[in-house]
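Remarks on the structure that follows.
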Amino acid sequence: MIPIVMPQIGQDYTSGTIVQWCKEENDSDTNGEVILLVESEKAVFEVEAEASGVLLKILQGEGEEVDIL
């Protein structure tokens with residue numbers, strides 16, 4: 001299992017807001033496919049799958065702010 005983590009979107013950002021999930025639970029995805037959109041203070045970024053697989057569980061919903069690891 002590979003967790004989806006909030007990507008580093010800039011040195012000054014400590015969190016981002018989930019704008020939209022492009023996949024639903026139990027959907028399959030392929031490496032490099034966009035799975036969600038994240039908003040910072042200045043832009044919206046695409047987050048891509050790091051490996052092919054199945055999205056098992058969405059733990060943070062749209063509109064929620066998530067810490068950047």
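Only a predicted model underlies this, so the values are computations on that prediction, with no experimental measurement involved.
Taking a 6.0 Å sphere around CD of Glu24, one finds it holds 12 or fewer heavy atoms contributed by other residues, nucleotides or ligands.
Expressed to the nearest 0.5 Å, how far NZ of Lys23 lies from CG of Asp29 amounts to 6.0 Å. With values rounded to the nearest 0.5 angstrom, Cys22 atom SG is found 9.0 Å from Glu33 atom CD. The CD atom of Glu64 sits 10.0 Å away from the OG1 atom of Thr17 when rounded to the nearest 0.5 Å.
No donor-acceptor pair under 3.5 Å is formed between the side chain of Thr30 and the backbone N or O of Ser52.
The only option from Gln60, Glu39, Glu65 that meets the side chain to side chain contact (heavy atoms under 4.5 Å, CB included) definition with Ile18 turns out to be Gln60.
Hydrophobic clustering (ILVMFWY, side-chain heavy atoms < 4.5 Å, transitive): Val34 and Val19 are in one cluster. Leu37 and Phe45 fall into different hydrophobic clusters, where Ile, Leu, Val, Met, Phe, Trp and Tyr side chains are chained together by heavy-atom contacts under 4.5 Å.
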